[in-house]
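Encoded as C-alpha cells, the structure appears first; notes follow it.
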Amino acid sequence: SKTKESVFKKLGRAIIGKSKVDDEVLDNLEEVLITSDVGVDTTLKVIERIEARVSKDKYFGVDELNNLLKEEIAALLEENNSGEEADFDLPASDTPYVIMVVGVNGVGKTTTIGKLAHNFKKAGKKVVLGAADTFRAAAIDQLEIWAERVDVPLVKQSMGSDPASVAYDTLASAKAQGADVAIIDTAGRLHNKVNLMNELTKIKNVMRKIVPDAPHEVLLILDGSTGQNAFEQAKQFTKATEVSALALTKLDGTAKGGVVIGISDQFKIPVKYIGIGEKMEDLQLFRRKEFVESLFS
Amino acid sequence: MFENLNEKLERSFQLLKGQGRITEINIAETLKEVRRALLDADVNFKIAKSFTEKVKEKALGQDVLSAVKPGEMMVKIVHDELAELMGGQSVDINLSGNPTVILIAGLQGSGKTTFSGKLSNLIKNKRGKHPLLVAGDVYRPAAIDQLKVLGEQINVPVYTEEGNKEPVKIAQAAIKQAKANGNDVVIIDTAGRLAVDEEMMKEISAVKKAVSPHEILFVVDSMTGQDAVNTAKEFNDRLDFDGVVLTKLDGDTRGGAALSIRSVVNKPIKYVGTGEKMEALDVFHPSRMADRILGMGDIVSLVEKA
Ligand SMILES: Nc1nc2c(ncn2[C@@H]2O[C@H](COP(=O)(O)OP(=O)(O)OP(=O)(O)O)[C@@H](O)[C@H]2O)c(=O)[nH]1
Ligand SMILES: Nc1nc2c(ncn2[C@@H]2O[C@H](COP(=O)(O)OP(=O)(O)OP(=O)(O)O)[C@@H](O)[C@H]2O)c(=O)[nH]1
Ligand SMILES: [Mg+2]
Ligand SMILES: [Mg+2]
C-alpha cells in the first residue's frame, strides 16, 4: 500500500549508508509504532534493539532495514510462543477442556465464543457453551442465538442467577455428555472493580468441583482498538484468573492492535486468536509475521 | 507507568525553579515528559506533538511571578490548554424538536445501546420528556431484546419491528408512532459499524437523510487508542454529528481519545458513561477530563490553592 512504501522510503532515506540511526529515522519509526498503539515503553525497546543491531552491522539498505524491523518486533512476540498454534486443536483428555472467556465490557467475548464453537465443531469436537453472563441485558439470548447458529448445546439459567452456578452446571452437563470442550461466557467487567474481579475467581473455584484442573484455558479478549489501558486489563485479569491466552478482536477495522506486543512481552501470555468480523467464520489463528506486517501497511 | 508522572514533572520542574524565566533550553525536558504523558494517555501522536508545541509557545518568555513557581506555572499552562481544547464549557443537547429525533452511532461494542437507555432515562426523569426508544440494530444477535430489557427497567417504551431488516423504514415508522402517541423525543439505537464498512456507513447516512435528526451523537469507548482520530473523522465526514459520548469512564483509562477526537472533529463531548446501570451518565466536564488525561489533579489543585 501507499503508506507502507512511504514509511519505508522515509526510513530508508534517513538510514542508507549511515552507521548510526539518526533522529529522523527514530522519529519516523516512533510515529509508526506509537500510532499502532505499541506504546512508549515498547517503542523505546524496539528502537534500542534496532540501534544495537545497526551499530554492529553498519550500512543498511531499505530492504534490510525493513526486515530487521519486522524481525525485532516479531521477536518480542516470539519469545512467548505467540503464533505457534497450528490449528483449532485441543489436547486429548477424558474430561472436557474448559475455556473461560474474560474481558472488559464490549470487547467481543460472546462473539468470539460463537466463532470458537464454530471452529472447534468444524474440527470435529463436541462443544458445550455456558451462559455465565447473567447480568447484561439479553446476554443469555445473545449466546443462545450463537449456539443455535453453530448448532451446539447451551447451558443457561435465568437472568440474575449466580454465574458460578451456571458454570458448574455447564461442566456437569459437558462431562455427562462426554463433550471435548466447554466454553464459559462471562459478563464484561472493568478490571478496577474488585467485587467483579473476585467473582471470576469464585467461578473458577466452583468449576474445579467438577473438573479438578479447570479452567484449562483462561482466554482474555482485548479489543484491537484499545490503547494503553489494555496493559492494566492484562495485569488485573491475570491477577484474578491467571490468563493463559489472548484474543485480539475487531482487527477488520483501521486499528492495528499494537498494544499486544508489549503485553505479550511483559506478561508472557501468547496471542492465540484474532477476530476480523462479526460472522462465525471471522476468527483466525494469530500469525506473528502477518501481524507485524500489518503494522506497516 | 502513569503513577510516577507527577514525580517526573516535579523533577523537571526543579530544573526550572530559580531560573526566573522559561527558555527554550530549560523547558525541553519538561515538554518531553508532558508529551510522553499524553502518549501514555492515548492522545494521538500528531496531536500530542502539536499540543506540546503550543504549550511551549505559551510558556516561552513568561516572566515568573514571585508568587508562582515556574514548574507550577507550567502545570497550569498545560492543564488550562487541555481544558480549553476540550471545549471549556459543557454543551447541552438540542431538545427543541417535536418530536426531537436523536440518532446514536458508533463502533461495535462502544456502548450505544446502553447509552440510548441511559439518555432516555435522563431526559424522562430530569427534563420531563416522554421518550420513545427505537431498536434500529437489525444485525447483532439479541440487540432488540437488549433494548427491550433496558426499556422495561427504566419504564420507557421501545419501538421494535421483529424481522424487518430496514433501519430506515423502522426509524420512519417509529417517528410516526411517536407523533401519534405523544412521545416528544425519539432515540434511535443503531448497529455498531466500522468506518471502513462502506455498506454500513451508507446505511446510517440513509437513516440520517430519512429522519433529519436534531441531534446525532457519536458514542466512543474511552479506552480507545490511536485509532480514535480516524474513526471520529470518518463518522463525522459521513454524519456531521453534533456531539460525542465517552463511555466506560468508570474504568482507569486516562481517556486521551477525548482530546484527540475533540481536536480532529471539533465537536463537543456532551456526556460520559460511568457504569453499566441506567443512572450512570454524567454531563462532560472539560476541566476534570484535563486532570484525568494528565493524571495531575493533585498538582493543579495545589496551584489553584496557592
Ligand atoms: N467488526 C468486528 N466486530 C466484532 C468483532 N468481534 C465482536 N464484534 C462486535 O462487537 C460487539 C460486541 O461484541 P460482544 O461479543 O457482544 O462483546 P462482549 O465482550 O461479549 O460484550 P459484553 O458481554 O457486553 O461485555 C458486537 O456488535 C459484535 O458483533 C470483530 O472481530 N470484528
Ligand atoms: N462499565 C461500563 N460499562 C458500560 C458503559 N457503557 C456501556 N457499557 C457496557 O459495555 C458493553 C457494550 O455496551 P452496548 O451498549 O451493548 O454497546 P453497543 O455499542 O450497543 O454494542 P453493539 O450494538 O454490539 O455495537 C455492555 O457490557 C455494557 O454494559 C459504561 O459507561 N461503563
Ligand atoms: Mg458478552
Ligand atoms: Mg447495541
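Keep in mind that the numbers below use all heavy atoms, side chains included, and drop hydrogens, waters and symmetry copies. Lettering of chains follows the sequences in order, A, B, ..., and the numbering in each one begins at 1.
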Mind ranking [options] by heavy-atom pairs under 4.5 Å with chain B and telling me who comes out on top?
options	value
G253(A), G114(A), G108(A)	G253(A)
L190(A), T111(A), I34(A)	I34(A)
T35(A), D223(A), V104(A)	T35(A)

Below 4.5 Å, heavy-atom pairs only: which of [options] has the largest tally toward chain A?
options	answer
A228(B), P141(B), G109(B)	P141(B)
D250(B), T253(B), D221(B), L39(B)	D250(B)
E152(B), Q153(B), M223(B)	M223(B)
A257(B), A142(B), A195(B)	A142(B)

Check whether [X] gets within reach of chain A through its side chain, its backbone, both or neither, counting any heavy atom under 4.5 Å.
X	value
K49(B)	neither
D197(B)	neither
Q108(B)	both
R35(B)	side chain
N230(B)	side chain

Is [X] close to chain B through its backbone or its side chain, or both, or neither, when contacts mean heavy atoms under 4.5 Å?
X	value
Q142(A)	both
V107(A)	neither
K256(A)	neither
N192(A)	side chain
E144(A)	neither
L33(A)	neither

Between the side chains of [Y] and [X], is the shortest nitrogen-to-carboxylate-oxygen separation below 4.0 Å, so that they form an ion pair?
X	Y	value
K156(A)	D141(A)	no
E276(B)	R189(A)	no
D237(B)	K233(B)	yes
E162(B)	K148(B)	yes

Going by the side chain to side chain contact (heavy atoms under 4.5 Å, CB included) test, name the single residue among V265(B), L259(B), I261(B) that passes it with S263(B).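 Exactly one pass, corresponding to L259(B).
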Passing candidate, side chain to side chain contact (heavy atoms under 4.5 Å, CB included) with S110(B), options T224(B), V245(B), V219(B):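 That would be V219(B); it is the only one of T224(B), V245(B), V219(B) passing the side chain to side chain contact (heavy atoms under 4.5 Å, CB included) with S110(B).
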How about F241(B) and F235(B): are their ring centroids closer than 6.0 Å?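 No, ring centres 6.0 Å or more apart.
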D185(A) CG to T110(A) OG1 distance, which is reported to the nearest 0.5 Å: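 Rounded to the nearest 0.5 Å, the CG-OG1 separation comes out at 3.5 Å.
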Gap between atom CG of D227(B) and atom OG1 of T226(A) - 0.5 Å precision: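 Between T226(A) OG1 and D227(B) CG, I get 10.5 Å after rounding to 0.5 Å.
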Is it true that the NZ or CZ of K267(B) lies under 6.0 Å from the centre of F218(B)'s six-membered ring and within 45 degrees of the ring axis?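 Pair K267(B)/F218(B) does not count as cation-pi.
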Ignoring hydrogens, what is the shortest heavy-atom contact between V150(A) and A117(A)? Give both atom names and the distance.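 It is CG1-C, 3.7 Å.
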